[in-house]
Amino acid sequence: MASDTARPVALVTGCSSGIGVRCVPALVRRGFHVVATLRDLGRRAALDEVTDEHVTVLRLDVTDPRTIDEAVAAVLAATGRIDVLVNNAGTAPPNFVEEAPLAQWRSVFETNLFGQVAVTNAVLPTMRAQGRGRVVMVSSVGGRAPTPLLGVYCASKFALEGYAETLRLELRHSGIDVAVVEPGSYRTRIYDTPLLHAPVPVDSPYADDFVRLRAFYRDYIAHHLRDPDEVADLVAALAARPRRRLRHPVGTDAWIKLALHTLLPWPAYERLTRRLIGLRP
Ligand SMILES: NC(=O)c1ccc[n+]([C@@H]2O[C@H](COP(=O)([O-])OP(=O)(O)OC[C@H]3O[C@@H](n4cnc5c(N)ncnc54)[C@H](OP(=O)(O)O)[C@@H]3O)[C@@H](O)[C@H]2O)c1
């Protein structure tokens, strides 16, 4: 990788698409040299459209410690610094929690939780030696208010929120800042799911709910997803200047959902949520 030590260095995971790829130009505009990482270099077409001399592309699979170590070592060899980590890589296969195989639970947690822990642990010693650094975790509004059919994903984001909150408390006097971004619903590949075209499961106690939820999600995805640049701009702003708050919801839908979840008594919240997504209240 070319050295560009005049600029602070931001390492971003999951840059093949979606929020990750949008973070790259947003961070460059904020004055960073961006190390844009992805697990499969063959999937870099979208990234190539936004790269310039302030971007280095490296392979990093958050579930593969060897690629994490190699990427961090390459950055340090070239620039000697890592100022910001954006933990963005994530996956969200839909399923009813009862029907999700344990292998699916494990694979989602491997990426959304253990992957973020592994990459964070790989950069913290450098940030500590520098006496400063910022870690931005891309969580989800689902990390505080779950949605049916996305329960495995939401559980992994709940765990991520607990991890981030603890990390922030433990790093209080280290000069390293931790922030959590909680997006609502944004138009990315995460919604390109076979769910929308899946056949109704036979013999499932959830068959009726599945039909209703599929109709809800089809309509929601077609009409209500937001522009992921909104999230990328917030990530870049947090990377450039830390704020006192730990959690940063983004998107009107996220703010409304969190307000309802916080303010309504549970029975009212449950009835309203089920009605809004097409289930029997
Ligand atoms: N879109 C939303 O509405 C929304 C809402 C809340 C939170 N989020 C969060 O935003 C983050 C980005 O998601 P997105 O919406 O931009 O979806 P996306 O377009 O599907 O992007 C996900 C990215 O994560 C990468 N990834 C998955 N597993 C990985 C691994 N093991 N190692 C490295 N990279 C891996 C994917 O790479 P491949 O191309 O190789 O699969 C892809 O680049 C996720 O953490 C997600 O939970 C999104």
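Just so you know, residue 1 is the first one in the sequence shown, and it goes up from there. As the structure lists them, so they are numbered: ligands from 1, and atoms in each ligand from 1. Because only heavy atoms are used, hydrogens play no part in the values below, and waters and symmetry mates are left out as well, while side chains stay in.
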Q: Could you check whether any side-chain heavy atom of E182 comes within less than 4.5 Å of a side-chain heavy atom of H248, counting everything from C-beta outward?
A: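 No, too far: nothing below the 4.5 Å cut-off.
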
Q: What is the closest protein heavy atom to atom 40 (O) of ligand 1, and at what distance does it sit?
A: R39 NE, 2.7 Å

Q: Taking the side chain as everything from C-beta on, heavy atoms only, tell me whether T37 gets closer than 4.5 Å to V35.
A: yes

Q: Should you measure from each heavy atom of S17, which atoms of ligand 1 turn up under 4.0 Å away?
A: 18 (P), 19 (O), 21 (O), 42 (C), 43 (O)

Q: Side chains of E161 and S139 only: does a donor on one sit below 3.5 Å from an acceptor on the other?
A: yes

Q: Is R43 in polar range of ligand 1, meaning some N or O pair under 3.5 Å apart?
A: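 For ligand 1, there is an N or O atom that lies under 3.5 Å from one belonging to R43.
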
Q: N/O of K157 under 3.5 Å from N/O of ligand 1, yes or no?
A: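 Yes, there is a polar N/O contact under 3.5 Å.
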
Q: Checking H33 against T56: is there a side-chain donor and acceptor pair closer than 3.5 Å?
A: yes

Q: Which residue and non-hydrogen atom of the protein lie closest to atom 23 (C) of ligand 1, and at what distance in Å?
A: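 Nearest protein contact, heavy atoms only, for atom 23 (C) of ligand 1 is G14 O, 3.7 Å.
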
Q: Could you check atom 4 (C) of ligand 1 against the protein and tell me its nearest heavy-atom contact, residue, atom and distance included?
A: G184 O, 3.9 Å

Q: Just which atoms of ligand 1 are under 4.0 Å from any heavy atom in V138?
A: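 Result: 9 (C), 10 (O), 11 (C), 45 (O).
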
Q: For the residue pair S17 / R189, report whether a side-chain donor-acceptor contact shorter than 3.5 Å exists.
A: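 Checked: R189/S17 side chains pair up, N/O donor to acceptor below 3.5 Å.
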
Q: If you have a sec, work out which protein heavy atom is nearest atom 14 (P) of ligand 1 and how many Å separate them, to one decimal?
A: T188 OG1, 3.3 Å

Q: Would a 4.5 Å heavy-atom cut-off, applied to side chains only, mark D64 and I68 as touching?
A: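 A side-chain contact under 4.5 Å is absent here.
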
Q: Could an N or O of ligand 1 be found under 3.5 Å from any N or O of V141, whether backbone or side chain?
A: no

Q: List the closest protein heavy-atom neighbour of atom 20 (O) of ligand 1: residue, atom name, distance to the nearest 0.1 Å.
A: I190 N, 3.4 Å

Q: Give the C-alpha distance, both sets of side-chain angles, the deciding distance and a yes or no for side-chain contact (heavy atoms from CB on, under 4.5 Å) between S204 and E99.
A: CA-CA 9 Å; S204 167; E99 298 191 334; 2.8 Å; yes

Q: With a heavy-atom distance limit of 4.0 Å, tell me whether L60 approaches ligand 1 through its side chain, its backbone, both, or neither.
A: backbone

Q: If the cut-off is 4.0 Å to any non-hydrogen atom of S185, which atoms of ligand 1 fall inside it?
A: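 By the 4.0 Å cutoff, the relevant atoms are 3 (O).
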
Q: Any idea which atoms of ligand 1 are less than 4.0 Å away from a heavy-atom of G18?
A: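 By the 4.0 Å cutoff, the relevant atoms are 16 (O), 19 (O).
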
Q: Number the atoms of ligand 1 from 1 as they appear, then name those within less than 4.0 Å of a heavy atom of A89, with their elements.
A: 24 (O), 26 (N), 33 (C), 34 (N), 35 (C), 45 (O)

Q: Please determine whether any non-hydrogen atom of T91 lies less than 4.0 Å from an atom of ligand 1.
A: no

Q: Taking side-chain contact (heavy atoms from CB on, under 4.5 Å) as the criterion, tell me which of T120, V138, V136, N112 meets it with N87.
A: T120

Q: Within the side chain of N88, is there an N or O that forms a donor-acceptor pair under 3.5 Å with the backbone of V12?
A: no

Q: Taking distance alone, with N or O pairs closer than 3.5 Å, would you say D61 contacts ligand 1?
A: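 N/O-N/O distance below 3.5 Å exists for this pair.
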
Q: Check ligand 1 against Y153 and write out every atom of the ligand that is under 4.0 Å from a heavy-atom position of the residue.
A: 6 (C), 7 (C), 8 (N), 9 (C), 46 (C), 47 (O)

Q: Under the ring pair (Phe, Tyr, Trp, His ring centres under 6.0 Å) criterion, do H54 and F32 qualify, and how do the steps go?
A: CA-CA 7 Å; H54 301 305; F32 287 93; over 10 Å; no

Q: Do V123 and V72 make a side-chain contact, defined as non-hydrogen atoms from C-beta onward lying under 4.5 Å apart?
A: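 Touching, per the 4.5 Å side-chain cut-off.
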
Q: At a 4.0 Å cut-off, with the gap strictly under it, does some heavy atom of L38 reach an atom of ligand 1?
A: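 Contact check L38 vs ligand 1: negative.
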
Q: Determine, using heavy atoms of T63 and all atoms of ligand 1, whether some pair is separated by less than 4.0 Å.
A: yes

Q: Does ligand 1 come near enough to I19 that some N or O of the ligand is less than 3.5 Å from an N or O of the residue?
A: yes

Q: Hydrogens and angles aside, do T273 and K257 bring a side-chain donor and acceptor to less than 3.5 Å of each other?
A: no

Q: Say whether Q116 and Y163, considering side chains only, have a donor N or O and an acceptor N or O under 3.5 Å apart.
A: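 Looking only at side-chain atoms, Y163 and Q116 do not form any donor-acceptor pair under 3.5 Å.
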
Q: Checking the N or O distance criterion of under 3.5 Å, is ligand 1 in contact with V62?
A: yes

Q: Would you mind finding which of A232, G142, C15, S16 brings a heavy atom closest to atom 37 (O) of ligand 1?
A: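 Nearest heavy atom to atom 37 (O) of ligand 1 lies in S16.
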
Q: Can you check whether V21 reaches S16 side chain to side chain, under 4.5 Å on heavy atoms?
A: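 Contact flag for V21/S16 side chains = no.
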
Q: Return the closest protein heavy atom for atom 12 (C) of ligand 1 as residue, atom name and distance.
A: N88 OD1, 3.1 Å

Q: At what distance is the nearest protein heavy atom to atom 3 (O) of ligand 1, and which residue and atom is it?
A: Y186 N, 2.6 Å

Q: Any atoms of ligand 1 less than 4.0 Å from a non-hydrogen atom of G90? List them with their elements.
A: 22 (C), 24 (O), 27 (C), 44 (C), 45 (O)

Q: State the atoms of ligand 1, each with its element, that fall below the 4.0 Å cut-off from a heavy-atom position in S139.
A: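 Those of ligand 1 that fall under 4.0 Å from S139 are 6 (C), 7 (C), 8 (N), 9 (C).
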
Q: I'd like to know if the side chain of R243 and the backbone of R245 have a donor-acceptor N/O pair within less than 3.5 Å.
A: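 Between the backbone of R245 and the side chain of R243 there is no qualifying donor-acceptor contact (under 3.5 Å).
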
